S.K.: 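Shown below is the structure under consideration.
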Amino acid sequence: MEETNKTVQVVDIQFRPGQKVYYFDPGKLELHTGDHVIIDTARGPEFGICASGNHSIPERDVVSPLRPVIRIASAQDERCVEDNRKKEQQAFDVCLQKIAEQGLDMQLVSVECSFDGSKLLFFFTADERVDFRELVKSLASAFHTRIELRQIGVRDKAKMVGGLGICGRPFCCASFLDDFQPVSIKMAKTQNLSLNPTKISGTCGRLMCCLKYEQFAYEDLLRNAPKAESFVDTPEGRGTVIEVDLLRQRVKVRMEDEPEVIQVFRNEEIAILRSGKAKKNDPPIPADLAPISGNGKRVRKEEPVRSMPLDSIKFRYSEEPVAEGVADPEEAEVPEETAASAKKNNRRRNKNRGNREQKVQELKTPAEPKPQDSAADPEGENTKKQNNHHRRHHYRRHKKPGGNANNAQ
């Protein structure tokens, strides 16, 4: 535990304004923001600007070895830095002339001269590999010092050169960004931005660094917002989400009962019944599932019930009078409509009962025996004719108007 809580005293140093900040050991010096210092680097002594004074940071954040601050810059150091800036401008013009003479496909970005003047570092951009060996020889013969050429990307070029973005402000990379964060097209999709490259790309031609700033906020808002084409329940009824406004936390819903009506609701006012667009294998949503508009059940319009007077009702098994003022329930007056409907129901009930009895009797009647072969009974045909004659005579004699022959038997 003691090792993890251990801190180190450091100062923040920049080699040039807008560049990355590095940690250095101040030693016994008390530095303040804006001080010019001479620091020890892997390339030797260099001139730097203090971006933040003495402060403590956890030891795990320090990259070893932590190089020291040699001294605070003197007046002579300041004059040496001014001479180096003039030498850099001269080297830049000479290099542009040499590139044009040799016809090299490269763009010179900037030139840096070391504090002691022992090395010139040229930064350039190119689409392909460039053979610059002849260029290095000609520059070395012109300046009589060590020459180094380094190819960089377009984002690093924008950071060195600087400029104004489409928002009207200086480039973020040249103002305050220390490192370039990875930016993907997925961030533009998450933030519902146009995928037109000219609208989401910076001056460098790459995706704008500011897409990274609000990515975490949009991801958090997406977790609490419904997806498009979701089926939701609202205080006004159920419907389908047609548009989501993440920043305002609102949605537009097309109502189920009235498709031509579109209403706006806050996210906390709706309940998601199906997330996203319906799929083929998704089960149907029950019609009575409406937790907000119907408290768990869909509110349905109830049909009005017609009230009937008490004296129009006659109970079959009741021994008490139906209403006051009637001594005997049999003497109670029954409306003509009620009586007619009762007679009609009785006729229908008797008819159904007769049909059931007929079916039961047919099931109980045994099947007639099959006639024997004419060879075994030569008088079979005569016997059959006599039976048919007696059956018809019996049917006409016992037949009743509107009745059934089987019931008559």
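Excluded from the calculations below are hydrogen atoms, water molecules and symmetry mates; all remaining heavy atoms, backbone and side chain alike, are included. The chain is numbered in sequence order, starting from 1. Only a predicted model underlies this, so the values are computations on that prediction, with no experimental measurement involved.
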S.K.: Any Lys/Arg nitrogen of E243 or K252 sitting under 4.0 Å from an Asp/Glu carboxylate oxygen of the other?
M.R.: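 Salt bridge: yes.
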
S.K.: Using ring centroids (six-membered ring only for Trp), state whether F15 and Y22 fall under 6.0 Å.
M.R.: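 Under 6.0 Å, so yes.
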
S.K.: Give, for atom CG of D131 and atom CG of D105, the distance between the pair rounded to the nearest 0.5 Å.
M.R.: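 D131 atom CG to D105 atom CG measures 13.0 Å (nearest 0.5 Å).
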
S.K.: Please check if the side chain of D35 supplies one atom and the backbone of H32 the other of a donor-acceptor pair under 3.5 Å.
M.R.: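 Yes; judged by distance alone, with no hydrogens or angles, the pair exists.
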
S.K.: Would you say Q249's side chain and L246's backbone share a donor-acceptor pair under 3.5 angstrom?
M.R.: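 Checked: pair present.
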
S.K.: Before giving the answer on ring-ring contact (aromatic ring centres under 6.0 Å, His included), spell out for F92 and F122 the whole-Å C-alpha distance, their side-chain angles and the decisive distance to 0.1 Å.
M.R.: CA-CA 8 Å; F92 187 88; F122 295 84; 8.6 Å; no

S.K.: Between atom CE of M187 and atom SG of C210, what is the distance when rounded to the nearest 0.5 Å?
M.R.: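 It is 11.0 Å, given to the nearest 0.5 Å.
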
S.K.: For R85, look at atom CZ and say whether over 12 heavy atoms of other residues, nucleotides or ligands are found less than 6.0 Å away.
M.R.: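 Above 12, so yes.
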
S.K.: Going by atom types only, do Q9 and S56 share a side-chain donor-acceptor pair under 3.5 Å?
M.R.: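 S56 and Q9 do have a side-chain donor-acceptor pair below 3.5 Å.
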
S.K.: So do L193 and L211 actually touch side chain to side chain, heavy atoms under 4.5 Å?
M.R.: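 Answer yes - side chains close enough.
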
S.K.: Counting distance only, does the side-chain N/O of R238 pair as donor-acceptor with the main-chain N or O of L289 below 3.5 Å?
M.R.: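 Yes, because the side chain of R238 sits within donor-acceptor range (under 3.5 Å) of the backbone of L289.
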
S.K.: Backbone N or O of S275 within a donor-acceptor pair of the S230 side chain at under 3.5 Å?
M.R.: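 Between the backbone of S275 and the side chain of S230 there is no qualifying donor-acceptor contact (under 3.5 Å).
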
S.K.: Hey, is CD on E128 packed in by over 12 heavy atoms from elsewhere, all under 6.0 Å?
M.R.: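 For E128, atom CD is not crowded (no more than 12 foreign heavy atoms under 6.0 Å).
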
S.K.: Listed by chain and number, what are the side-chain contact (heavy atoms from CB on, under 4.5 Å) partners of E268, not counting sequence neighbours?
M.R.: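 side-chain contact (heavy atoms from CB on, under 4.5 Å) list for E268, sorted by chain: R266.
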
S.K.: Is there a donor-acceptor contact under 3.5 Å from the side chain of N84 to the main chain of C113?
M.R.: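 The answer is no, because no donor-acceptor pair under 3.5 Å joins these two groups.
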
S.K.: Looking at N224, I want to see if its CG is surrounded by more than 12 non-hydrogen atoms of other residues, nucleotides or ligands under 6.0 Å.
M.R.: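 Yes, enclosed.
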
S.K.: For the residue pair F47 and H36, categorise the inter-ring angle as parallel (less than 30°), tilted (30 to 60°) or perpendicular (more than 60°).
M.R.: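 The arrangement is perpendicular - the two ring planes meet at more than 60°.
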
S.K.: Less than 3.5 Å apart, any donor N or O on the side chain of N196 or S194 sitting next to an acceptor on the other?
M.R.: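 No.
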
S.K.: Short question: side chain of T190, backbone of K186 - any donor-acceptor pair under 3.5 Å?
M.R.: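 Here the side-chain-to-backbone pair exists.
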
S.K.: Hey, is the main chain of I292 close enough, under 3.5 Å, to the side chain of D233 for a donor-acceptor pair?
M.R.: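 It does hold such a pair.
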
S.K.: Roughly how far, to the nearest 0.5 Å, is the OG1 atom of T7 from the NE2 atom of H55?
M.R.: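 So the NE2 of H55 and the OG1 of T7 are separated by 11.0 Å.
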
S.K.: Out of curiosity, E46 CD to S114 OG, how far, rounded to the nearest 0.5 Å?
M.R.: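 Going from the CD atom of E46 to the OG atom of S114 covers 6.0 Å.
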
S.K.: Taking the side chain as C-beta and beyond, is there a heavy-atom pair between V81 and F115 under 4.5 Å?
M.R.: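 The answer is yes; the side chains approach within 4.5 Å.
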
S.K.: Look at K159 together with D156 and state whether they make a salt bridge at an N to O cut-off of under 4.0 Å.
M.R.: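 Looking at K159 and D156, the cut-off is not met.
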
S.K.: Checking D245 side chain against V251 main chain: does a donor-acceptor pair fall under 3.5 Å?
M.R.: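 No, because the side chain of D245 does not come within donor-acceptor range (under 3.5 Å) of the backbone of V251.
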
S.K.: Are L177 and C209 side-chain neighbours, meaning at least one heavy-atom pair lies under 4.5 Å?
M.R.: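 Touching, per the 4.5 Å side-chain cut-off.
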
S.K.: Count the heavy atoms of every other residue, nucleotide or ligand shown that sit under 6.0 Å from NZ of K119, and state whether that count exceeds 12.
M.R.: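 Above 12, so yes.
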
S.K.: Could you check whether any side-chain N or O of R254 sits under 3.5 Å from a backbone N or O of E256, counting only pairs where one atom can act as donor and the other as acceptor?
M.R.: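 Answer holds: no.
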
S.K.: Any salt bridge linking R150 with E148? Criterion: basic side-chain nitrogen under 4.0 Å from a carboxylate oxygen.
M.R.: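 The answer is yes: the pair qualifies as a salt bridge.
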
